[in-house]
Amino acid sequence: QVQLMQSGGGLVPAGYSLMVSCAASGRTLSDYSMGWFRQAPGKEREFVAAISRKGGSTYYADFVKGRFTISRDDAENTVYLQMSSLKPEDTAVYYCAATGLGYSYSVYGNQYEYDYWGQGTQVTVSS
């Protein structure tokens, strides 16, 4: 069983960049496809980005395409979400998640396909 510990996040002005990280322990990160989700106050959790086990496939929600980048460093057992050109509507608690489903190039955008979750990291973008 893998444990996910998130770091990063914080408060930034609109237009700035921020990175959130998700470090895995207990199991090798390369055993999992990874995803990032977010939940704003009063809203349901939504998909942000996903990356396959080998890192060769990525998948983004339309509202972050061109602004956010998901990446992974299996040697460091860490997955990253680099967020650029942040907007106030990006304000949310961000969660990383891991799934053992699929093969080397599979990516998943449905939260119910993920088995393990990080604790959540607050990202606040001021206008």
Side-chain angles (χ1 to χ4, degrees):
Q1 186 168 341
V2 66
Q3 292 83 44
L4 302 175
M5 181 62 68
Q6 296 179 222
S7 60
L11 171 63
V12 295
Y16 276 52
S17 298
L18 200 60
M19 176 180 280
V20 289
S21 303
C22 175
S25 63
R27 289 285 299 272
T28 303
L29 188 68
S30 59
D31 289 340
Y32 299 93
S33 296
M34 301 296 294
W36 285 96
F37 292 78
R38 70 186 188 185
Q39 187 167 20
K43 295 187 177 181
E44 294 188 351
R45 188 177 298 183
E46 63 183 355
F47 169 74
V48 175
I51 189 166
S52 61
R53 293 187 188 195
K54 296 292 187 181
S57 298
T58 56
Y59 174 41
Y60 295 93
D62 286 345
F63 54 78
V64 301
K65 282 182 181 176
R67 299 191 299 124
F68 290 13
T69 302
I70 188 172
S71 62
R72 63 189 298 157
D73 184 341
D74 287 346
E76 295 293 327
N77 250 18
T78 302
V79 64
Y80 304 95
L81 184 68
Q82 176 68 49
M83 302 178 284
S84 303
S85 302
L86 282 162
K87 305 174 182 180
E89 51 264 43
D90 293 320
T91 295
V93 177
Y94 283 72
Y95 297 90
C96 65
T99 177
L101 291 174
Y103 302 96
S104 298
Y105 295 98
S106 301
V107 288
Y108 300 91
N110 186 329
Q111 61 177 313
Y112 299 107
E113 294 173 311
Y114 289 85
D115 304 303
Y116 306 102
W117 292 84
Q119 81 276 18
T121 302
Q122 178 68 47
V123 172
T124 303
V125 184
S126 61
S127 58

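- Summarising the local packing, CE of M19 is surrounded by more than 12 heavy atoms from other residues, nucleotides or ligands at distances under 6.0 Å.
- Across A92 and A40, no two heavy atoms sit closer than the pair CB-N, 3.8 Å.
- For E46, the side chain to side chain donor-acceptor pair (under 3.5 Å) criterion is met by R38, not counting sequence neighbours.
- Side chains of V125 and E89 form no contact here, defined as non-hydrogen atoms less than 4.5 Å apart.
- Within the 4.5 Å cutoff, side-chain heavy atoms of M5 are placed close to those of Q119.
- For V79 against S71, the heavy-atom pair with the smallest separation is CG2-O, 3.0 Å.
- Linking ILVMFWY residues whenever their side-chain heavy atoms come closer than 4.5 Å, directly or via other members, leaves Y80 and L4 in distinct clusters.
- Transitive grouping of hydrophobic side chains (ILVMFWY, heavy atoms separated by less than 4.5 Å) brings Y116 and L81 into a common cluster.
- Judged purely by atom type and a 3.5 angstrom limit, S33 uses its side chain to pair as donor or acceptor with the backbone of S106.
- Salt-bridge check for D74 with K54: failed, with every basic side-chain N at 4.0 Å or more from each acidic carboxylate O.
- Following chains of ILVMFWY side-chain contacts shorter than 4.5 Å, one can reach Y94 starting from I70, so the two form part of one hydrophobic cluster.
- The shortest heavy-atom contact between T121 and G8 is CG2-O, 3.0 Å.
- Distance check, rounded to the nearest 0.5 Å: OG of S30 to CG of D73 gives 11.5 Å.
- Smallest separation of non-hydrogen atoms from S17 and S85: OG-N, 4.3 Å.
- Judged purely by atom type and a 3.5 angstrom limit, R72 has no side-chain atom pairing as donor or acceptor with the backbone of G55.
- At a threshold of 4.5 Å between side-chain heavy atoms, the hydrophobic network of Ile, Leu, Val, Met, Phe, Trp and Tyr places Y105 and I51 in two separate groups.
- Residues V123 and V64 are members of one and the same hydrophobic cluster, defined by side-chain heavy-atom contacts under 4.5 angstrom among Ile, Leu, Val, Met, Phe, Trp and Tyr.
- K87 has no carboxylate O lying under 4.0 Å from a charged side-chain N of D90, or vice versa, which leaves the two without a salt bridge.
- Between the side chains of E113 and T99, no donor-acceptor pair is found at a separation under 3.5 Å.
- Side-chain contact annotation: Q122 with T124, donor-acceptor N/O pair under 3.5 Å present.
- The main-chain N or O of S57 is found under 3.5 Å from a side-chain atom of S52 such that the two form a donor-acceptor pair.
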request  = Evaluate side chain to side chain contact (heavy atoms under 4.5 Å, CB included) for V2 paired with L29, printing each intermediate quantity in order.
outcome  = CA-CA 8 Å; V2 66; L29 188 68; 5.6 Å; no
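- Listed by chain and number, the residues in a side chain to side chain donor-acceptor pair (under 3.5 Å) with N77 amount to none (sequence neighbours excluded).
- Closest non-hydrogen pair, A49 versus Y60, comes out as CB-CD2, 3.6 Å.
- Membership of the apolar cluster around L101 extends to F37, F47, Y59, V93, Y95, V107, Y108, Y114, W117, as traced through chained side-chain contacts below 4.5 Å between ILVMFWY residues.
- Within 6.0 Å of the OH atom in Y16, the count of heavy atoms belonging to other residues, nucleotides or ligands does not exceed 12.
- Contact of the V20 side chain with the Q6 side chain is not registered, since no non-hydrogen atoms from C-beta on lie closer than 4.5 Å.
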